[in-house]
Amino acid sequence: MEKFVISGGLNLSGKIRIKGAKNSILPILAGSLLTSERVEIKDVPDISDVKVMLKILECLGVRISWKEDLLILEPGSLYTSEIPETLMCEMRSSIFLMGPLLGRLGKVKVSYPGGCDIGPRPIDLHLKGLASMGVKILEENGCVQAEAKTLRGSDIHLDFPSVGATENIMMAAIYAEGSTLIHNAAKEPEIIDLQNFLNKMGAKIKGAGTDTIKIEGVKSLNDVNYTLIPDRIVAGTLVIAAAITRGELILENVIPEHLEAVTAKLQEAGVEIWEEQDTLHVRGGNIKAIQSVRTLPYPGFPTDMQAQTMSLLTLAKGNSTIIENVFDGRFSQVGELKKMGARISVQGRSAIIQGVDQLKGAVVNAPDLRAGAALVLAGLSAQGQTIIKEIHHIDRGYEKFEEILQQLGANIKRVGAQDENF
Ligand code: UD1
């Protein structure tokens, strides 16, 4: 049980390069199962979600080597279509392994992600889409077994543009007979990345990034060498690190277009942000309240930036409102921010944040990945010492977060459970 210990109050400055996106590499690793040939992926982030996904692939029979940022996978012929329950529980997004395993082996057995102690995670849209392609699904004792001798192309309307369901269905459709249309598909940049990766292997997918995706079935996929898009959420988190510490950062390897909803809102809050090709410059100053931040599917404001934005707005002059429209109950950071002196009240999907002059250091728990990052940001600006526990959540999505922040001038260290001073 490691912790972060932060002495707040220092302005961050410097330059950092953003690595490949977590939400691209996870479905792309699943998509690698669709070929038996060699897959090379560059700019892979060294985060714990990737390590868990690689453990799952190893259990299925994939040979893996990972040196520096280059990951090499040799899927060959897979041993099994059953994903071990413990690994499924560690990795909530592993549900999108169903599509590729159905495509490759015609069957799959996974434990239901809602059965883990991470809270319910509906997968109805995934299962409805697969069922309409001819997949027989049996849900029993917390497990989902799915089988299809032949997958049939289908016309699928998603009730909500779910990122995972769009990706799962796209991958199941690769080897289906005929073509599949996904209507009301999610439009996130990571879906375009998955399309580009699969097409580079020989798939025939069009329309990712729009709300209709068309997949024409093919017979096989080839080897591939692919570079991931940069992680827009890590970039967005560092933009707020600059803003909240009144610092000045240069972020390299960014696709500014992917961050437009975030940069527009932060500019409204008085953060200076300007772009130069694939580089973003950020300068923090006085923070202004924002009338409303509403999370929405892409290209709307990302739910994965909601908690970090809340940390910033705790220090704004005036009252701000955040409305969380994508996930139920995604305000787990609120109680912890209040321990640091923030003034926030939550009513259903809305949070009203009354700005204060200064946050104070406190002992807090990282409740999940993005809420954990939000607490680090709050700790960077707070007066005195902040101790953040349960940082394994943060390690799921931020590679060596404390080292990056140290490099930019922050006073943050990782301490082990054995360190009795903390
Ligand atoms: C992905 C991202 C996650 C991000 C989320 C929303 C990955 C690995 N993770 O998660 O970081 O926060 O998109 O941008 O890419 N839903 C259903 N039924 C379903 C599927 C989803 O009701 O079958 C609901 C969910 O409960 C949630 C909403 O749809 O309320 C969005 O979920 P979804 O887009 O599927 O998120 P993930 O793919 O899990």
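In each ligand, atom 1 is the first atom listed, and ligand 1 is the first ligand listed.
- In this structure, the protein non-hydrogen atom closest to atom 25 (C) of ligand 1 is F327 CE2, 4.0 Å.
- Atoms of ligand 1 lying under 4.0 Å from at least one heavy atom of G164, given by number and element, are 35 (O), 38 (O).
- With ligand atoms numbered from 1 in the order given, ligand 1 contributes 27 (C), 28 (C), 30 (O), 31 (C) to contacts under 4.0 Å with heavy atoms of V326.
- Of the protein's non-hydrogen atoms, D304 OD1, 2.6 Å is the one closest to atom 12 (O) of ligand 1.
- From the protein, the heavy atom lying nearest to atom 35 (O) of ligand 1 is S162 OG, 2.6 Å.
- Between the side chains of H183 and D155, a donor-acceptor pair is found at a separation under 3.5 Å.
- At the shortest separation from atom 8 (C) of ligand 1 among protein heavy atoms lies N23 OD1, 3.3 Å.
- Of the protein's heavy atoms, P122 CG, 4.6 Å lies nearest to atom 24 (C) of ligand 1.
- For a threshold of 3.5 Å applied to N or O pairs, the pair formed by V163 and ligand 1 contains at least one separation below that value.
- With hydrogens and angles disregarded, no donor-acceptor distance shorter than 3.5 Å links the side chain of W274 to the backbone of E276.
- Side-chain atoms of S320 and Q291 form no donor-acceptor pair, as typed in the model, at a separation below 3.5 Å.
- In summary, the side chains of Y298 and R232 do not present any donor paired with an acceptor at a separation below 3.5 Å, with no hydrogens or angles considered.
- Heavy atoms of T303 found under 4.0 angstrom from ligand 1 belong exclusively to the side chain.
- With hydrogens and angles left out, the side-chain atoms of H126 and N168 include a donor and acceptor closer than 3.5 Å.
- Annotation: atom 18 (N) of ligand 1 to nearest protein heavy atom, D124 OD1, 2.7 Å.
- Proximity to I123 (heavy-atom distance under 4.0 Å) selects the following atoms of ligand 1: 19 (C), 23 (O).
- A donor atom on one side chain and an acceptor atom on the other are not found under 3.5 Å apart for H258 and E260.
- Nearest protein heavy-atom contact of atom 23 (O) of ligand 1 is L125 N, 2.8 Å.
- Heavy-atom separations between E190 and ligand 1 are all 4.0 Å or longer.
- Counting heavy atoms closer than 4.0 Å to ligand 1, residue R330 contributes side-chain atoms (C-beta onward) but none from N, CA, C or O.
- Remark: the backbone N or O of T295 is paired with a side-chain donor or acceptor of N325 at under 3.5 angstrom.
- Using a 4.0 Å heavy-atom cutoff, M53 is absent from the residues neighbouring ligand 1.
- D368 and S332 share a donor-acceptor pair across their side chains, judged by distance under 3.5 Å alone.
- For atom 37 (P) of ligand 1, the nearest non-hydrogen atom of the protein is R121 NH2, 3.8 Å.
- One side chain, E40 or N225, offers a donor N or O that lies under 3.5 Å from an acceptor on the other.
- A donor-acceptor pair shorter than 3.5 Å can be found between the side chains of Y226 and D193.
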